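Everything below concerns the one structure shown next.
This structure is a prediction, so every number in the text was calculated from the model and none was measured.
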Amino acid sequence: MSIVTAGLLISFSGIIVVCLGLFDVIPNSTQTLNYVFIGIGWVFILLGIVVRIVGMKLEKKIK
């Protein structure tokens, strides 16, 4: 698996967590816990974007 594909999978998992948090699918006891899940999802989305950018720069440098 290339690093770009790994970054894409990380971003998709973050998107899924954010959607589950927004639609109240994840069982939470408080509203703060819902915000925590959404925040964790955004961290995964941004981390996936960074991984994809680094992967594209590495592939561009190799070619």
Side-chain angles (χ1 to χ4, degrees):
M1 173 186 325
S2 71
I3 194 165
V4 177
T5 307
L8 189 67
L9 291 174
I10 293 170
S11 291
F12 279 156
S13 65
I15 290 170
I16 289 171
V17 170
V18 169
C19 288
L20 292 176
L22 287 176
F23 294 125
D24 292 328
V25 175
I26 300 173
N28 2 343
S29 56
T30 62
Q31 189 68 22
T32 306
L33 192 59
N34 194 19
Y35 292 141
V36 168
F37 278 120
I38 293 172
I40 290 170
W42 273 106
V43 167
F44 275 99
I45 291 170
L46 295 175
L47 182 68
I49 290 171
V50 169
V51 168
R52 280 189 286 165
I53 289 172
V54 168
M56 283 191 265
K57 284 185 180 180
L58 285 174
E59 286 181 5
K60 187 175 181 182
K61 190 181 287 186
I62 291 173
K63 292 181 181 183

- Item | Closest contact, heavy atoms only, Ser13 versus Phe44 | OG-CD2, 4.3 Å

- Query: Out of curiosity, Ile38 CD1 to Leu22 CG, how far, rounded to the nearest 0.5 Å?
  - Reply: 4.0 Å

- Establish whether Val51 and Met56 are linked, either directly or via other cluster members, by ILVMFWY side-chain heavy-atom contacts under 4.5 Å. yes

- Over all atoms of both residues, closest heavy-atom pair of Ser11 and Ile49: OG-N, 3.6 Å

- Answer with yes or no whether the hydrophobic clustering places Ile53 together with Leu8; edges join I, L, V, M, F, W, Y residues whose side-chain heavy atoms lie under 4.5 Å apart. yes

- Closest non-hydrogen atoms of Val4 and Glu59, given as atom of the first, atom of the second and distance, are CG2-OE2, 3.8 Å

- Message: Counting C-beta onward and ignoring hydrogens, is there a side-chain heavy-atom pair between Ile40 and Val36 closer than 4.5 Å?
- Response: yes

- Roughly how far, to the nearest 0.5 Å, is CG of Asp24 from CD of Gln31? 7.0 Å

- Correct closest heavy-atom pair for Val17 and Ile26 would be O-CD1, 4.2 Å

- Query: Are the side chains of Phe37 and Leu20 in touch, meaning some heavy atoms are under 4.5 Å apart?
  - Reply: no

- Message: Please report the interatomic distance CD1(Ile10) to CD1(Ile15), rounded to the nearest 0.5 Å.
- Response: 12.0 Å

- Message: Working to the nearest 0.5 angstrom, can you tell me the gap between Thr30 OG1 and Tyr35 OH?
- Response: 10.5 Å

